[in-house]
Amino acid sequence: MTLPNRLLLSGLLLSLLGCGGGGGGSSATPPASSTKSAVSSISPSSVAVISSSAAAVPSSSAAASSSTPATGGIYPGYNLNPLPADTQGMESTALHIASKIKIGFNIGNTLEAMGGKSETYWGNPKITKEFVAFVKQAGFSAVRLPVSWDQYANQTTAEIDPNWLNRVKEVVQHCVDNDLYVIVNIHWDGGWLENNVVPAKQAQNNAKQKAFWEQIATHLRDFDEHVLFASANEPNVDNAEQMAVLHSYHQTFIDTVRATGGKNAQRVLIVQGPSTDIEKTHTLMTTLPTDSVANRLMAEVHFYSPWNYTGMTKDESWGNQFFYWGKGFHSTTDTAHNPTWGEEDYVDQQFKSMKTQFVDKGVPVIMGEFGTGIRKNLTGADLQLHLDGRAYYLNYVTKQAIANGIVPFLWDIGELLDRTHNKVLDQQAFDALMQAAAQ
């Protein structure tokens with residue numbers, strides 16, 4: 001999730017999502033593309049890197065020209081002590097790790113909070129070892145840690161404050177101590193990468209991507225396969241030219257992490273589809289970056305569809321908010337706020353496209369964010385119908401994701417878990433979620 005969308009939805013975030021804005025896979029309107037049947041898929045050359053030791057080769061000349069970006073000369077090098085490859089504790093492939101993660105949880109709006117150089121700046125408490133233990137006890141098997149790095153870095157040298165590196169490492173340790181898999185990313189981070197997936201910023205951003213990941217990867221290098229790295233968050237990409245630039249950012253990420261050696265030589269790495277939107281990913285992400293080791297890459301998308309249901313804060317001329325989702329949960333009295341698109345068939349189609357494009361070819365897919373909060377403007381029978389439909393939505397999306405080989409990570413919805421007192425707030429929604437994960 002990104003800060004611009006966070007500000008746009010600030011009213012809803014307090015009463016609905018409790019999180020940081022819009023996500024991939026969502027459309028403010030149901031465009032014609034929302035029902036199209038795209039036919040693109042990963043090229044055979046990129047599949048080879050998953051099924052053998054062969055390296056993936058981008059299928060287009062634009063992607064090829066971006067696969068080995070120039071990153072030198074802007075920042076100092078931070079890969080100061082590369083180590084020989086260390087395979088101990090790193091035996092699992094990406095597919096094996098994905099099979100171990102039934103459902104994950106984002107500890108969001110915390111380590112990625114921008115503006116105040118504090119993980120509490122957006123109103124959430126600090127992440128404690130007690131809360132991480134509660135996440136494990138509640139039934140989640142993995143954590144996604146959105147992290148901001150740029151505000152903690154020297155803007156001339158890109159050197160990250162060692163105290164911040166240590167704080168992130170401390171939280172990662174809490175996760176590993178609880179036998180949780182943990183994904184560490186570069187999140188919105190002020191938008192330096194996310195909002196600048198364009199040729200004009202390509203060289204500069206690749207240099208920063210390299211400098212940051214040299215430091216992050218080195219600092220977290222000794223953790224075993226429980227720790228995964230993710231290149232970005234929701235990189236804004238709309239066309240093939242931008243996709244080629246994003247490909248270069250991901251290539252820099254992979255090359256940089258691998259070059260630090262040690263356990264990073266085998267670590268599972270995650271690359272994000274364009275805007276982490278399923279339809280854009282299906283159309284534009286037809287190859288994966290090259291990796292020096294086989295079977296260690298995952299793809300990531302997000303899912304906040306239909307946006308009318310998960311994120312809209314007011315009715316618009318082109319469409320209304322949706323309050324009641326799913327077969328059997330439509331209102332007979334508030335029909336103006338029943339969905340007109342984006343229900344079960346849509347979910348099925350979206351997830352099947354990722355299964356066909358990636359999972360069936362040996363590439364696990366992480367659904368790094370999904371979820372929806374409570375519409376607190378509703379009362380009485382309308383509110384109960386909304387709550388019933390919300391529980392059904394969380395159950396259906398989770399169940400269908402898992403059925404298609406996609407690993408779902410719930411966004412940190414404020415109404416679900418109380419992070420201060422470590423307890424479940426909405427037992428109905430929580431039970432529906434965990435029931436789906438258990439199947």
Side-chain angles (χ1 to χ4, degrees), residues 17 22-41 103 273-285 299-312 315-316 318-332 334-361 364-373 375 385-411 429 432-433 435-439:
L17 291 176
S26 61
S27 301
T29 62
S33 63
S34 67
T35 57
K36 70 182 180 181
S37 176
V39 296
S40 60
S41 62
I103 187 169
S275 305
T276 52
D277 178 273
I278 289 177
E279 290 170 10
K280 290 181 182 179
T281 299
H282 191 49
T283 302
L284 296 173
M285 196 169 178
E300 180 179 353
V301 294
H302 295 173
F303 191 74
Y304 290 109
S305 290
W307 187 243
N308 306 59
Y309 181 68
T310 64
M312 275 182 68
D315 294 344
E316 300 286 357
W318 47 261
N320 289 344
Q321 304 164 88
F322 301 160
F323 296 158
Y324 318 100
W325 191 92
K327 186 177 181 180
F329 295 96
H330 286 196
S331 173
T332 59
D334 185 18
T335 57
H337 293 105
N338 287 330
T340 57
W341 70 285
E343 296 186 276
E344 290 94 339
D345 289 349
Y346 178 78
V347 171
D348 296 347
Q349 179 270 326
Q350 292 276 284
F351 293 173
K352 183 179 179 181
S353 72
M354 293 294 93
K355 180 178 186 294
T356 301
Q357 183 164 346
F358 295 107
V359 178
D360 288 348
K361 296 179 174 67
V365 173
I366 296 292
M367 188 164 74
E369 297 181 18
F370 80 104
T372 184
R375 297 279 182 174
L385 183 62
H386 165 70
L387 292 174
D388 293 344
R390 174 174 175 264
Y392 174 67
Y393 176 86
L394 293 173
N395 177 277
Y396 192 86
V397 170
T398 301
K399 182 168 61 177
Q400 292 306 109
I402 293 172
N404 284 279
I406 300 168
V407 184
F409 280 73
L410 183 73
W411 185 253
L433 192 74
Q435 181 186 44
Q439 294 180 354

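Keep in mind that the numbers below use all heavy atoms, side chains included, and drop hydrogens, waters and symmetry copies.
Between W325 and Y309, the ring planes lie tilted relative to each other; the angle falls in the 30° to 60° range.
The shortest heavy-atom contact between M312 and W318 is SD-CH2, 3.6 Å. Of all the heavy atoms in R390 and T372, the pair that sits closest is NE-O, 3.0 Å. Residues A432 and A391 approach most closely at CB-O, 3.3 Å, considering heavy atoms. Across every non-hydrogen atom of M285 and P274, the tightest pair is CB-CD, 4.0 Å. Summarising the geometry of S331 relative to T335, their closest heavy-atom pair is O-CG2, 3.5 Å, with the distance given to 0.1 Å. Minimum heavy-atom separation, P306 to G342: CD-O, 3.2 Å.
Taking the six-membered ring for Trp and the full ring otherwise, the centers of F370 and W411 sit at least 6.0 Å from each other.
Within the 4.5 Å cutoff, side-chain heavy atoms of L433 are placed close to those of I103. Residues N395 and Q435 meet the side-chain proximity criterion, which asks for heavy atoms closer than 4.5 Å. V397 places a side-chain heavy atom less than 4.5 Å from the side chain of M367. Looking at V301 and V365, their side chains come closer than 4.5 Å, going by heavy atoms from C-beta outward. The shortest distance between side-chain heavy atoms of L410 and L394 falls below 4.5 Å. E344 has its side chain within reach of K327: a pair of non-hydrogen atoms, C-beta onward, lies under 4.5 Å apart. Annotation: side chain of H330 is in contact with side chain of P339 (closest heavy-atom distance under 4.5 Å).
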Legend entry - Worked verdict on F322 versus N338 for side-chain contact (heavy atoms from CB on, under 4.5 Å): CA-CA 5 Å; F322 301 160; N338 287 330; over 6 Å; no
Inset, instruction - Walk me through it: do F329 and Y392 pass the test ring-ring contact (aromatic ring centres under 6.0 Å, His included)? - result: CA-CA 9 Å; F329 295 96; Y392 174 67; 5.0 Å; yes
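For the residue pair N308/Q321, the side-chain donor-acceptor check at 3.5 Å is not satisfied.
In this structure a side-chain-to-backbone donor-acceptor pair under 3.5 Å is missing from Q439 to I402. With S353 contributing its side chain and Q350 its backbone, the two residues share a donor-acceptor pair below 3.5 Å.
For the atom pair E300 CD and F358 CZ, the distance stands at 11.5 Å (nearest 0.5 Å). Rounding to the nearest 0.5 Å places CE of M354 at 11.5 Å from CG of D360. Between atom CD1 of residue I278 and atom CD1 of residue I406 there is a gap of 6.0 Å, rounded to the nearest 0.5 Å. Going from atom CD of Q349 over to atom CD of E279 covers 6.5 Å, rounded to the nearest 0.5 Å.
Identified under the side chain to side chain donor-acceptor pair (under 3.5 Å) test for residues 396-408, with sequence neighbours left out: D348-Y396, D348-Q400.
For H337, the ring-ring contact (aromatic ring centres under 6.0 Å, His included) criterion is met by F323, not counting sequence neighbours. Partners of F351 according to the ring-ring contact (aromatic ring centres under 6.0 Å, His included) rule, which considers only residues two or more places apart in sequence or in another chain, are F303.
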